[in-house]
There are 2 protein chains.
Amino acid sequence: MTKTKKGPVFTEIALEIFKLGGLLVNEGDLMGSPYGITSARWKIMGAIVRAGKPLTVPQIAKTMGLTRQAVQRLVDVMYADGVLAFQTNPEHKRAKLIKLSEVGEEIYGKLDKKQVDWAQTCSIHLTKQELDTTLSVLKKMADMFDH
Amino acid sequence: MTKTKKGPVFTEIALEIFKLGGLLVNEGDLMGSPYGITSARWKIMGAIVRAGKPLTVPQIAKTMGLTRQAVQRLVDVMYADGVLAFQTNPEHKRAKLIKLSEVGEEIYGKLDKKQVDWAQTCSIHLTKQELDTTLSVLKKMADMFDH
DNA sequence: ATAACATTGGTAATATGTTGTCATTATGAC
DNA sequence: GTCATAATGACAACATATTACCAATGTTAT
């Protein structure tokens, strides 16, 4: 009896993550559309805000699990759109630090307020324990593949 | 006291799902690369196999949570590559039924074997209960946004 | 200091996915 | 049967992401 029933469940989880990824992008796009912000751009802003300090492009990429090229592209268009600002990096001449512009800060504030309400509403029918377990499992999964 | 601590955890879960989505695509691409199959194409094949019968493009899209256009594009190239085959639909002249070709069946068989081992290995450090709870939460989340 | 190596930015090609639009074919109400 | 409506396929424009490559800049070992 080497078989377990865990493998198939793991597979179902993977498929559900694929589906949910798309659905969550939709949700984010909807919430951000009044401000011209897409899910991808919102996540860039979030990575910077959550870090509590300006970040370089590779640092943002690392945080989000994306390639630096993908982040670079977004950062460039978001700078052009005026929601991000650059700051010279005292420790590195080439790698500029990225922060939110004043406009970006304002937009992010409104988005974040919306998002907090959204998350609270979404979690009404889920228990704290269920959510904690889920987050713990997802983190373990990410660690498993993160290298 | 209207505040709960569930919202922030829900938000963390959403961010983890974004990251895991990318990591899982990588895993699938790696496993499929010996057969020229990417994650996206593998999932199309999986949707058909798991249905147990040929499906139309919109049916595949519905199953996977994608738009029919995205699926149509993949189905067309996979037909050109010879891994999918068409079958006239007795109940609908316009919507052809899609099934795996013989080559597709053979490739899928090998992929599936690999994937079963992979899922079992991945779930070693997770309990059945953790996995069940996680799947349940993810499904509830998907239902929440599925309309 | 210099040489080897790693990091960063930039660019291009490709894959995946969305929205929007149009024409065609099915379906259903009457 | 006819007409309004829905579903399907086809196509285009765009957004997001990857890999691959090159040039420029930093870092480290010697």
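Keep in mind it's a predicted model, so treat the numbers as computed, not measured.
- Just one of A/Met78, A/Arg50, A/Glu105 meets the side-chain contact (heavy atoms from CB on, under 4.5 Å) condition when paired with A/Met45; it is A/Met78.
- Within 4.0 Å of A/Ala70, counting heavy atoms only, lies at least one base atom of the nucleic acid.
- OP1 or OP2 of D/dT19 has not a single side-chain nitrogen or oxygen of A/Gln69 nearer than 4.0 Å.
- Minimum atom distance to the side chain of B/Asn26 is reached by D/dT19, of the listed C/dT8, D/dT19, C/dT19.
- The shortest heavy-atom contact between A/Ala51 and A/Leu55 is CB-CD1, 3.6 Å.
- At whole-Å resolution of the value, OH in A/Tyr79 and C1' in C/dG9 are 15 Å apart.
- Taking atom CZ on B/Phe18 and atom C1' on D/dT16, their separation rounds to 12 Å, with Å as the unit.
- A/Ser39 and A/Asp29 are linked by a side-chain donor-acceptor pair at a separation below 3.5 angstrom, with hydrogens and angles left out of the test.
- As rounded to whole Å, 10 Å separates atom P of C/dT7 from atom NZ of A/Lys62.
- Contact annotation for B/Val57: backbone-only contact, meaning every heavy-atom pair under 4.0 Å involves sugar-phosphate atoms and none involves a base.
- Computed from coordinates, the B/Met64 CE to C/dG17 C1' distance equals 11 Å when rounded to whole Å.
- Checking the phosphate oxygens (OP1, OP2) of D/dT16, a side-chain nitrogen or oxygen of A/Arg73 falls inside 4.0 Å.
- Between the CD atom of A/Gln72 and the C1' atom of D/dC22 there is a distance of 15 Å, rounded to whole Å.
- As a whole-Å value, the separation of A/Asp76 CG from C/dT11 C1' is 11 Å.
- Of the possible donor and acceptor atoms, one in the side chain of B/Lys114 sits under 3.5 Å from a partner among the backbone N and O of B/Met31.
- Both cation-pi conditions hold for A/Lys43 and B/Phe18: the charged atom is under 6.0 angstrom from the six-membered ring centre and inside a 45 degree cone around its axis.
- Side-chain N/O atoms of A/Thr38 include one lying less than 4.0 angstrom from OP1 or OP2 on D/dT16.
- Across the protein-nucleic acid pair, A/Phe86 atom CZ and C/dG10 atom C1' stand 13 Å apart, rounded to whole Å.
- In terms of position along DNA chain D, the nucleotide closest to A/Lys43 lies nearer the 5' end than the nucleotide closest to the other residue of the pair A/Arg68 and A/Lys43.
- For B/Leu74 and C/dA15, the CG to C1' distance is 9 Å, given to the nearest whole Å.
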